[in-house]
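Report on the following structure.
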Amino acid sequence: MDRKLKVAVLGATGMVGQRFLTLLENHPWYEVSVIAASPRSAGKTYEEAVGARWKMQTPMPEKFKKMIVEDVSDVEKVASQCDFAFSAVDMTKDEIRAIEEAYAKTETPVVSNNSAHRWTPDVPMVVPELNPGHYDVIQYQKKRLGTTRGFIAVKPNCSIQSYTPALTAWMEYEPYEVVATTYQAISGAGKTFRDWPEMVENIIPYIGGEEEKSEMEPLRIWGHIENGVIVPAESPKITCQCIRVPVLDGHTAAAFVKFRKHPGKDELIAKLREFSGLPQKYSLPSAPKQFIQYLEEDNRPQVKLDVDFENGMGVSIGRLREDKIYDWKFVGLSHNTLRGAAGGGVLSAEMLTQLGYIQSK
């Protein structure tokens with residue numbers, strides 16, 4: 001491309017917004033041109049607006065410290081300064097739906113980390129290696145919005161990316177029933193141990209809304225486009241429990257699967273290791289070279305050893321073995337704020353840029 005695309009980060013002061021900025025600091029395709037947040041942060045420098053709430057383990061990038069934060073609700077002003085926007089705003093679902101559509105209607109594509117539009121029928125919810133064909137629904141969304149280049153695309157819930165890639169790699173064997181339990185890091189709630197000390201040496205067996213997302217969102221990823229909307233798949237049926245555990249980054253899943261066909265262990269492992277998608281084909285800047293790794297050791301994957309596989313953009317699978325009730329069981333691990341959140345959003349934007357959906361204004 002002739003020049004870097006200008007990017008807005010909406011909700012830049014929160015944890016996911018901070019992660020977006022760290023990923024975009026030296027991005028080869030994108031340049032952050034505007035930072036936006038709530039009215040209480042507007043008019044301050046980014047450094048002043050965040051204050052002591054910087055939650056990344058790396059320092060705040062110098063290039064953003066003195067940028068003046070815009071009011072995210074001043075849609076026309078923010079949109080005029082960018083080619084597209086990443087959204088990580090902290091609002092009610094109705095407010096998020098409204099403001100993301102408002103940006104799209106200014107002809108500004110929005111790549112959202114939020115859950116508000118995940119079930120809007122003509123909004124693609126995409127893991128770029130798994131279902132990039134769902135971007136085709138954007139043409140119908142544009143007709144509804146009355147836009148020529150503005151649209152919304154979202155990424156799915158962070159926890160499903162620890163087991164859904166494996167199931168996708170095995171689709172030819174027709175998985176039809178899945179039981180999964182996820183063990184989810186505190187950064188998934190936007191927290192660190194400093195501001196959530198009660199999580200130290202603790203487990204909470206409930207995360208509001210997470211089980212419903214974990215059971216239903218994979219079916220939307222495996223769905224198809226029909227009459228201008230995404231129709232979710234009906235199978236495999238998934239039941240899930242979601243547990244908060246005292247880990248900073250990294251969602252682990254223990255999954256049990258029944259197949260209509262009967263693959264062997266070597267076949268299943270080979271499918272994982274061979275699995276790749278368009279991000280790998282196009283060598284996108286944020287794409288892992290190897291999307292899924294299989295680890296042979298009985299005590300892997302581990303958060304401390306494996307969460308940063310492929311810079312946090314790869315998925316680690318291990319402990320694949322036959323089960324007495326189900327056919328096979330395995331353990332998966334993915335980085336929830338990289339592959340599962342901001343990193344997944346950046347990769348989605350790269351895919352949309354590669355496919356021509358995102359261009360300079």
Side-chain angles (χ1 to χ4, degrees), residues 10-11 16 85-105 109-147 150-165 167-168 178 180 182 184 188-190 207-242 251 253 334 336 339-342 344-345 347-349 351-352 357:
L10 315 178
V16 175
F86 289 109
S87 177
V89 292
D90 183 12
M91 300 175 172
T92 68
K93 280 187 169 32
D94 286 344
E95 290 170 335
I96 292 170
R97 280 190 283 267
I99 200 165
E100 290 181 350
E101 285 204 0
Y103 274 93
K105 287 177 179 178
V110 176
V111 179
S112 179
N113 185 75
N114 297 301
S115 65
H117 273 294
R118 287 182 192 157
W119 289 93
T120 302
D122 57 11
V123 170
M125 182 181 75
V126 173
V127 176
E129 287 89 351
L130 304 187
N131 62 324
H134 283 193
Y135 291 133
D136 291 347
V137 83
I138 288 171
Q139 61 183 306
Y140 302 102
Q141 184 193 150
K142 287 178 178 177
K143 289 178 183 177
R144 174 175 63 85
L145 296 175
T147 60
F151 63 87
I152 302 160
V154 301
K155 49 152 289 300
N157 191 42
C158 50
S159 67
I160 73 168
Q161 301 188 56
S162 54
Y163 58 91
T164 303
L167 296 173
T168 306
V178 178
T182 58
Q184 300 186 203
I207 307 171
E210 202 75 5
E211 288 160 0
E212 294 82 358
K213 295 174 188 176
S214 299
E215 292 169 355
M216 299 305 297
E217 288 187 16
L219 297 176
R220 193 168 196 259
I221 286 174
W222 297 321
H224 65 280
I225 297 172
E226 185 177 315
N227 297 322
V229 300
I230 295 168
V231 179
E234 295 184 358
S235 180
K237 302 295 185 185
I238 303 173
T239 184
C240 194
Q241 291 197 106
C242 298
H251 288 353
S334 60
N336 56 294
R339 167 56 72 167
L347 183 61
S348 185
M351 192 75 257
L352 288 160
Y357 289 98

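In this text the structure is predicted, and so the values were computed from the model without any measurement. Throughout, numbering of the chain's residues begins at 1 and tracks the sequence.
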- [ ] Please confirm whether the backbone N or O of Gly344 pairs with a side-chain atom of Ser348, one donor and one acceptor, at under 3.5 Å?
- [x] no

Open item on the list: Which heavy atom of Cys158 sits nearest to which heavy atom of Lys155, and what is that distance?
Closed with: N-NZ, 4.5 Å

- [ ] State, without any angle test, whether Thr182 and Ser159 hold a side-chain donor-acceptor pair at a distance under 3.5 Å.
- [x] no

Open item on the list: Donor-acceptor pair, distance only, cut-off 3.5 Å: does the side chain of Asn131 make one with the backbone of Met125?
Closed with: yes

- [ ] With rounding to the nearest 0.5 Å, note down the distance linking CD in Glu101 to OG1 in Thr147.
- [x] 10.0 Å

Task: Minimum-distance pair of heavy atoms, taken over all atoms of Val110 and Ser87 - done: CG1-CB, 3.8 Å

- [ ] Return yes if some donor-acceptor pair links the side-chain N/O of Glu211 with the main-chain N/O of Cys242 below 3.5 Å, else return no.
- [x] yes

Open item on the list: Ignoring hydrogens, what is the shortest heavy-atom contact between Pro218 and Thr164? Give both atom names and the distance.
Closed with: CG-OG1, 3.6 Å

Open item on the list: Checking Asn336 against Gln184: is there a side-chain donor and acceptor pair closer than 3.5 Å?
Closed with: no

- [ ] Look up atom CD in Glu100 and atom OG1 in Thr120, then write down how far apart they are to the nearest 0.5 Å.
- [x] 9.0 Å

Task: Gap between atom CG of Leu219 and atom OG of Ser235 - 0.5 Å precision - done: 8.0 Å

Task: Donor-acceptor contact present, side-chain His251 to main-chain Ser334, <3.5 Å - done: no

Task: Minimum-distance pair of heavy atoms, taken over all atoms of Ile96 and Ala116 - done: CG2-CB, 3.5 Å

Task: Rounded distance [0.5 Å steps], CG in Leu130 versus CD1 in Ile221 - done: 6.0 Å

Task: side-chain contact (heavy atoms from CB on, under 4.5 Å) partner of Asn157, chosen from Lys213, Met216, Glu212 - done: Lys213

Task: Atom pair OG/CD1 of Ser112 and Ile152 - distance to nearest 0.5 Å - done: 7.5 Å

- [ ] Check whether any side-chain heavy atom of Asn114 sits under 4.5 Å from a side-chain heavy atom of Val89, and report yes or no.
- [x] yes

TODO: Look up atom CG in Asp122 and atom CG in Asp136, then write down how far apart they are to the nearest 0.5 Å.
DONE: 13.0 Å

TODO: Could you pull out the closest heavy-atom pair between Met351 and Tyr135, with the gap in Å?
DONE: CG-CE1, 3.6 Å

- [ ] Check the angle between the aromatic planes of Phe151 and Tyr357 and answer parallel, tilted or perpendicular using the 30° and 60° thresholds.
- [x] perpendicular

Task: Check against side chain to side chain contact (heavy atoms under 4.5 Å, CB included), Val178 and Thr239 - done: CA-CA 6 Å; Val178 178; Thr239 184; over 6 Å; no

Open item on the list: Could you check whether Arg339 pairs with Glu129 (Lys NZ or Arg NE/NH1/NH2 to Asp/Glu carboxylate O, under 4.0 Å)?
Closed with: yes

Task: Backbone N/O of Val127 and side chain of His134: donor-acceptor pair under 3.5 Å - done: no

Task: Residue pair Gln161 / Pro156, side-chain heavy-atom distance below 4.5 Å - done: yes

Task: Contact summary for Pro124 and Gln141, nearest pair of heavy atoms - done: CD-NE2, 3.8 Å

TODO: Mark yes or no for whether Arg220, through its side chain, and Ile230, through its backbone, hold a donor-acceptor pair below 3.5 Å.
DONE: no

Task: salt bridge (Lys or Arg N to Asp or Glu O under 4.0 Å) partners of Glu215, counting only residues at least two apart - done: none

- [ ] Using the side chain to side chain contact (heavy atoms under 4.5 Å, CB included) rule, take Ile138 and Val123 through it: C-alpha gap first, then chi angles, then the decisive distance, then the call.
- [x] CA-CA 7 Å; Ile138 288 171; Val123 170; over 6 Å; no

Open item on the list: Restricting to ring pair (Phe, Tyr, Trp, His ring centres under 6.0 Å), what partner residues turn up for Tyr103, sequence neighbours left out?
Closed with: none

